[in-house]
Amino acid sequence: MAEAAGCRPGTGNDPNKVQSVRRGPLAEKVETQDDLAFCSELGFDYFQGFFFCEPKLIQGKQIPVNRLSATRLVAKLQDPDIKGEELDKTIRQDVTLSYKLLRFVNSAYCSLPRKVESMGHAAMMIGTQRIRVWASLLMMATMDDKPRELMMTAIIRAKMCEEIAIAKRLPRSEAFFTAGLFSVLDAMLDSTMDDVLKLLPVSEEIAQALVGKGRVGQVLDFTLGYERSEWDRLAELTDALGLDPPTIRNAYLSAVQWAMEITNELHI
């Protein structure tokens with residue numbers, strides 16, 4: 001059975017290098033779906049690289065309705081103008097999501113003084129932003145035909161973008177989080193990002209960021225470059241954003257720690 005490795009900075013690999021891992025060989029630096037298919041034909045059992053971050057494009061293939069519906073719900077949840085009552089109504093569109101989120105909100109992790117019965121009530125006690133984030137992560141986790149590493153990559157990107165925005169005191173840090181989270185939607189939906197943006201109700205700011213434009217797009221581009229250890233690409237962005245090594249390192253480490261904690265608490 002094939003196993004995907006996570007995206008980590010500093011992973012320098014040779015695509016032809018083979019290591020003995022458990023029951024079979026490991027193919028490293030598998031960057032695309034074509035690389036994956038080629039290595040599979042050669043008999044590799046394990047794969048390390050960024051192939052799971054790339055969409056599997058098949059001409060004429062339609063995005064499954066259930067996956068598209070889930071993604072649209074996530075996009076709606078990320079609307080910064082959504083209020084408590086509308087948030088409650090949106091979450092209740094998915095019974096499983098509503099149940100899981102209420103169970104989490106009433107868990108020891110949140111330590112609320114009394115049990116809450118609705119997302120509107122939870123939003124008042126905890127804050128709309130946190131409810132939006134938790135609901136979005138739970139919803140994206142329902143796309144279980146994709147490797148878990150893709151979900152972890154999305155969360156780490158989102159949090160690192162947000163941490164950089166906070167460190168640089170950039171306005172609306174939640175927009176940076178959303179851009180990082182949505183940066184894997186092409187891989188989630190096996191479509192191009194341009195086609196994804198035509199189908200989803202995202203703000204112009206987020207749409208521009210996902211194609212590398214604007215200040216949010218710059219931070220996202222930096223995060224992607226750091227993830228892949230593309231140091232030459234990062235030099236110009238580091239200067240443009242006014243970043244320093246401690247800020248970058250702290251943003252990444254905080255993102256990884258938060259991703260591990262939140263996925264553990266949400267059981268995703």
Side-chain angles (χ1 to χ4, degrees), residues 70-143 148 151-185 200-203 205-206 209 216 219-220 223 250-268:
T71 308
R72 283 175 171 161
L73 180 57
V74 173
K76 190 172 183 181
L77 287 168
Q78 287 300 307
D79 180 356
D81 298 322
I82 195 169
K83 306 301 180 186
E85 184 177 342
E86 186 181 1
L87 179 65
D88 187 21
K89 183 179 178 181
T90 300
I91 292 173
R92 281 193 284 110
Q93 292 178 23
D94 189 290
V95 176
T96 302
L97 172 63
S98 182
Y99 168 75
K100 288 182 177 179
L101 194 53
L102 275 175
R103 183 178 63 180
F104 175 68
V105 169
N106 286 307
S107 70
Y109 179 83
C110 296
S111 301
L112 297 179
R114 59 182 182 278
K115 185 176 181 180
V116 298
E117 303 293 343
S118 71
M119 285 302 104
H121 186 197
M124 286 190 294
M125 299 186 69
I126 299 174
T128 301
Q129 171 62 9
R130 281 204 279 180
I131 297 297
R132 286 169 51 211
V133 168
W134 295 339
S136 297
L137 298 184
L138 283 169
M139 199 70 234
M140 289 182 72
T142 64
M143 303 180 197
R148 185 174 183 272
M151 182 70 185
M152 288 296 292
T153 296
I155 299 172
I156 292 172
R157 287 178 183 177
K159 194 62 177 175
M160 184 171 179
C161 287
E162 182 183 57
E163 290 289 331
I164 290 174
I166 291 171
K168 299 306 298 180
R169 299 182 180 179
L170 299 174
R172 296 198 338 99
S173 60
E174 67 271 13
F176 294 81
F177 183 94
T178 300
L181 190 66
F182 283 5
S183 66
V184 301
L185 288 184
L200 298 181
V202 298
S203 68
E205 181 181 37
I206 298 301
V216 180
V219 172
L220 175 59
T223 299
N250 291 339
Y252 177 72
L253 293 177
S254 295
V256 171
Q257 182 177 359
W258 185 80
M260 293 175 64
E261 289 175 354
I262 198 64
T263 52
N264 182 61
E265 293 295 339
L266 290 172
H267 302 291
I268 57 177

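None of these values were measured; they are calculated from a predicted model. We count residues from 1, following the sequence as given.
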Working to the nearest 0.5 Å, report the span between [atom1] of [X] and [atom2] of [Y].
X    : Y    : atom1 : atom2 : answer
E174 : I206 : CD    : CD1   : 9.0 Å
K159 : W258 : NZ    : CH2   : 5.5 Å
D88  : S118 : CG    : OG    : 4.5 Å

Which pair of non-hydrogen atoms, one from [X] and one from [Y], has the smallest distance, and what is that distance?
X    : Y    : answer
V133 : F177 : CG1-CZ, 3.7 Å
C161 : T223 : SG-OG1, 3.4 Å
F182 : A75  : CZ-CA, 3.7 Å
L185 : T71  : CD2-CG2, 3.7 Å
W134 : L266 : O-CD1, 4.2 Å
A209 : L220 : O-CD2, 3.7 Å

Checklist entry - Do other residues, nucleotides or ligands put more than 12 heavy atoms under 6.0 Å from the CE atom of M125? => result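 Yes - once you tally the heavy atoms of other residues, nucleotides and ligands closer than 6.0 Å, there are more than 12.
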
Item to check | Over 12 non-hydrogen atoms of neighbours within 6.0 angstrom of CD in E261 | outcome: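 Atom CD in E261 is packed in, count exceeds 12.
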
Checking the side chain of [X] only, and the main-chain atoms of [Y] only, is there a donor and an acceptor separated by less than 3.5 Å?
X    : Y    : result
T263 : A259 : yes
R157 : L181 : no
R92  : M119 : no
S183 : G180 : yes
D94  : M139 : no
N106 : L102 : yes
R132 : L77  : yes

Checklist entry - Hey, mind stepping through I91 and I131 against side chain to side chain contact (heavy atoms under 4.5 Å, CB included) and telling me if it holds? => result CA-CA 10 Å; I91 292 173; I131 297 297; 3.9 Å; yes

Next on the checklist: Go through it in stages, so that I can follow the logic: the residues are M260 and N264, the test is side chain to side chain contact (heavy atoms under 4.5 Å, CB included), and I'd like the CA-CA distance, side-chain angles, deciding distance and then a yes or no.
Outcome noted: CA-CA 6 Å; M260 293 175 64; N264 182 61; over 6 Å; no

Next on the checklist: If we check side chain to side chain contact (heavy atoms under 4.5 Å, CB included) with V184, which of these qualifies: M151, M140, M152?
Outcome noted: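 Output: one option passes, namely M140.
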
Next on the checklist: Quick one, V216 and L170 - any side-chain contact, counting heavy atoms below 4.5 Å?
Outcome noted: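 Answer no - side chains too far apart.
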
Checklist entry - Salt bridge between R172 and E205, side-chain N to carboxylate O under 4.0 Å? => result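 A salt bridge is present here (some side-chain N lies under 4.0 Å from a carboxylate O).
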
Checklist entry - Below 4.0 angstrom, N of the basic side chain to O of the carboxylate: do K89 and E86 qualify? => result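 Answer for the salt bridge query: no.
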
